[in-house]
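Below is one structure; the comments refer to it alone.
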Amino acid sequence: TDSKGENKFTATTFPKADTNVYGIWQLSSVKTGFENYPNGWTEKLPAGQYNQRFSRYAEISSAVAHSGEKSLRIAVTADLKSTDYVYVALDHDLKNLTLQNNTKFSVSFYYYAENLQKDLNVYLATATPASIWGGLKQYSSNTYSVRVSDVGAGWKKGNIIFESNLTSDEANALYLMISNNSNPTSVYFDDITVETIPEGQSVVTFVRNDGSANEYSIKNYGSFITFPEMGSRDYYNFAGWYKDAKFTTKYNGAVHPETD
């Protein structure tokens with residue numbers, strides 16, 4: 001019932017008074033790589049000046065790729081300041097990849113860890129299309145950790161779930177963010193897929209205590225939860241899932257609840 005798409009029109013019969021309703025297209029699913037990344041976005045600027053779409057610690061590389069011939073390389077060196085951000089604007093068809101507000105998304109990506117001295121956190125942010133500094137909102141509580149143990153393991157897949165909370169209508173462009181890491185680092189990223197989690201679906205997040213990445217079950221309310229395969233671990237038996245990080249209350253759910 002509004003041009004911003006915040007209040008959905010649900011009436012099925014004619015109202016007593018004339019009214020306007022607004023149609024809106026929303027992102028469903030899009031896959032983006034770095035084969036045709038806009039050249040103008042990657043410009044390297046002199047010291048003291050910053051490319052506001054593409055961090056100076058990033059580059060489009062032909063060294064390795066998950067698919068195609070190019071990928072995104074994050075090459076962090078020892079001169080990284082604690083106040084520096086490592087960021088890359090994501091594109092689709094040579095334009096900024098933009099998101100709708102107050103919506104849950106699942107973002108998957110492939111990465112290749114070439115050199116790491118310590119774990120590296122990956123997360124998302126939204127800001128204005130032309131500048132990371134315009135209306136920046138960081139979703140740093142929803143991260144994926146690239147582990148030191150991933151070095152030499154080839155291409156691996158990561159996944160992040162987050163809900164958009166735009167600071168303004170204009171700050172709707174999606175950015176890939178990397179946590180500060182002053183150690184020599186070289187990690188490649190490719191084939192990033194952004195999918196909207198539809199209304200009526202919930203997310204069950206499985207948090208392991210062995211340092212491995214979170215896993216997710218995303219389904220309609222009432223659908224059976226898909227539990228991850230736990231495999232085996234020398235000298236240990238898997239004791240089950242719990243509702244809390246202190247392992248005091250066992251989780252006995254079988255179907256997706258209405259809330260995450």
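No hydrogens, no waters, no symmetry mates; every other heavy atom, side chains included, goes into these values.
- In terms of hydrophobic clustering, with Ile, Leu, Val, Met, Phe, Trp and Tyr side chains grouped at heavy-atom distances under 4.5 Å, Val146 and Val76 are assigned to a common cluster.
- A donor-acceptor pair is defined here as one N or O able to donate and one able to accept, closer than 3.5 Å; such a pair exists between the side chain of Arg53 and the backbone of Pro129.
- Within a 6.0 Å radius of CG in Asn36, other residues, nucleotides and ligands contribute 12 heavy atoms or fewer.
- Residues satisfying the salt bridge (Lys or Arg N to Asp or Glu O under 4.0 Å) criterion with Lys104, sequence neighbours excluded, are Asp260.
- The shortest side-chain heavy-atom distance between Val204 and Pro257 falls under the 4.5 Å cut-off.
- Sorted by first and then second residue, the salt bridge (charged side-chain N to carboxylate O under 4.0 Å, His left out) pairs involving residues 214-224 (not counting sequence neighbours) are Arg208-Glu215.
- For the pair Leu97 and Leu27, the tightest heavy-atom approach, listed with the atom from each and the gap, is CD2-CD2, 4.2 Å.
- Residues Glu69 and Ala65 come closest through the heavy atom pair C-CB, 3.8 Å.
- More than 12 heavy-atom neighbours from other residues, nucleotides or ligands sit within 6.0 angstrom of CD on Glu163.
- Proximity of a side-chain donor or acceptor of Asn115 to a complementary backbone N or O of Ser186 within less than 3.5 Å is not detected.
- His66 has its side chain out of reach of Tyr112: every pair of non-hydrogen atoms, C-beta onward, lies at least 4.5 Å apart.
- Taking hydrophobic clusters as Ile, Leu, Val, Met, Phe, Trp and Tyr residues chained together by side-chain heavy-atom distances below 4.5 Å, Val107 does not share a cluster with Tyr216.
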Side chain to side chain contact (heavy atoms under 4.5 Å, CB included) between Thr185 and Ile178, intermediate numbers included: CA-CA 11 Å; Thr185 293; Ile178 307 296; over 6 Å; no
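- The minimum heavy-atom distance linking Gly33 with Asp190 is given by the pair CA-OD1, 3.9 Å.
- In Asn237, the CG atom is not crowded: 12 or fewer heavy atoms of neighbouring residues, nucleotides or ligands sit closer than 6.0 Å.
- Listed for the Ser217 side chain is a donor-acceptor partner under 3.5 Å among the backbone atoms of Thr226.
- Remark: Lys246 NZ is loosely packed, at most 12 non-hydrogen atoms of other residues, nucleotides or ligands lying under 6.0 Å away.
- Between the Ser164 side chain and the Leu166 main chain, no donor and acceptor come within less than 3.5 Å of each other.
- A side-chain donor-acceptor contact under 3.5 Å links Thr126 and Tyr139.
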Audit row: Asp91, Thr32, side chain to side chain contact (heavy atoms under 4.5 Å, CB included) steps and yes/no: CA-CA 7 Å; Asp91 87 299; Thr32 183; 3.5 Å; yes
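- Residue Ala58 comes nearest to Val88 through the heavy atom pair CB-CG2, 3.7 Å, listed as atom of the first residue, atom of the second, then distance.
- The distance from the CG atom of Leu72 to the CG atom of Leu176 is 6.5 Å, given to the nearest 0.5 Å.
- A ring pair (Phe, Tyr, Trp, His ring centres under 6.0 Å) with Phe54 is found for exactly one of Phe34, Tyr175, Tyr37, namely Tyr37.
- What you find for Lys137 and Asn165 is that their closest heavy atoms are CG-O, 3.5 Å.
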Candidate pair Leu136 and Thr167, rule side chain to side chain contact (heavy atoms under 4.5 Å, CB included), full reasoning: CA-CA 7 Å; Leu136 174 63; Thr167 57; over 6 Å; no
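- Of the possible polar contacts, none joining the Ser223 side chain to the His256 backbone as a donor-acceptor pair under 3.5 Å is found.
- Follow the hydrophobic side-chain contacts under 4.5 Å out from Ile161 and you never reach Tyr110; the two are in separate clusters.
- The aromatic rings of Tyr144 and Phe109 sit perpendicular to each other, their planes meeting at more than 60°, with 30° as the lower class boundary.
- Distance check: Ile218 CD1 to Thr205 OG1 gives 8.0 Å after rounding to the nearest 0.5 Å.
- For residues 147-157, the side-chain hydrogen bond (donor to acceptor under 3.5 Å, both in side chains) pairs, not counting sequence neighbours, are Tyr111-Asp150, Asp119-Arg147, Asp150-Lys156.
- Following chains of ILVMFWY side-chain contacts shorter than 4.5 Å, one cannot reach Phe247 starting from Phe227, and the two form parts of different hydrophobic clusters.
- To the nearest 0.5 Å, atoms OH (Tyr242) and OG1 (Thr248) are separated by 9.0 Å.
- No donor-acceptor pair under 3.5 Å is formed between the side chain of Thr143 and the backbone N or O of Tyr123.
- Side-chain heavy atoms closer than 4.5 Å link hydrophobic residues (I, L, V, M, F, W, Y) into clusters, and following such links, even through other members, never connects Ile197 to Val194.
- Side chains of Asn102 and Gln100: no donor on one and acceptor on the other come within 3.5 Å.
- Once rounded to the nearest 0.5 Å, the distance linking OG1 of Thr128 with CD of Glu170 reads 9.0 Å.
- In terms of the ring-ring contact (aromatic ring centres under 6.0 Å, His included) criterion, residue partners of Phe105 (sequence neighbours excluded) are, by chain and number, Phe162.
- In this structure, Trp41 and Asn51 approach most closely via the heavy-atom pair O-ND2, 2.7 Å.
- Interatomic distance, Ser140 OG to Leu124 CG, rounded to the nearest 0.5 Å: 11.0 Å.
- The line from OH of Tyr188 to NZ of Lys70 is 14.5 Å long, rounded to the nearest 0.5 Å.
- Taking the ring-ring contact (aromatic ring centres under 6.0 Å, His included) definition, one finds that Phe238 meets it with Trp241, sequence neighbours left out.
- Put simply, the side chain of Thr196 does not reach to within 4.5 Å of the side chain of Ser28, judged on heavy atoms.
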Side chain to side chain contact (heavy atoms under 4.5 Å, CB included) evaluation trace for Ser202 with Thr259: CA-CA 6 Å; Ser202 63; Thr259 57; over 6 Å; no
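- Remark: Lys243 pairs with no residue by the side chain to side chain donor-acceptor pair (under 3.5 Å) rule, at least two apart or across chains.
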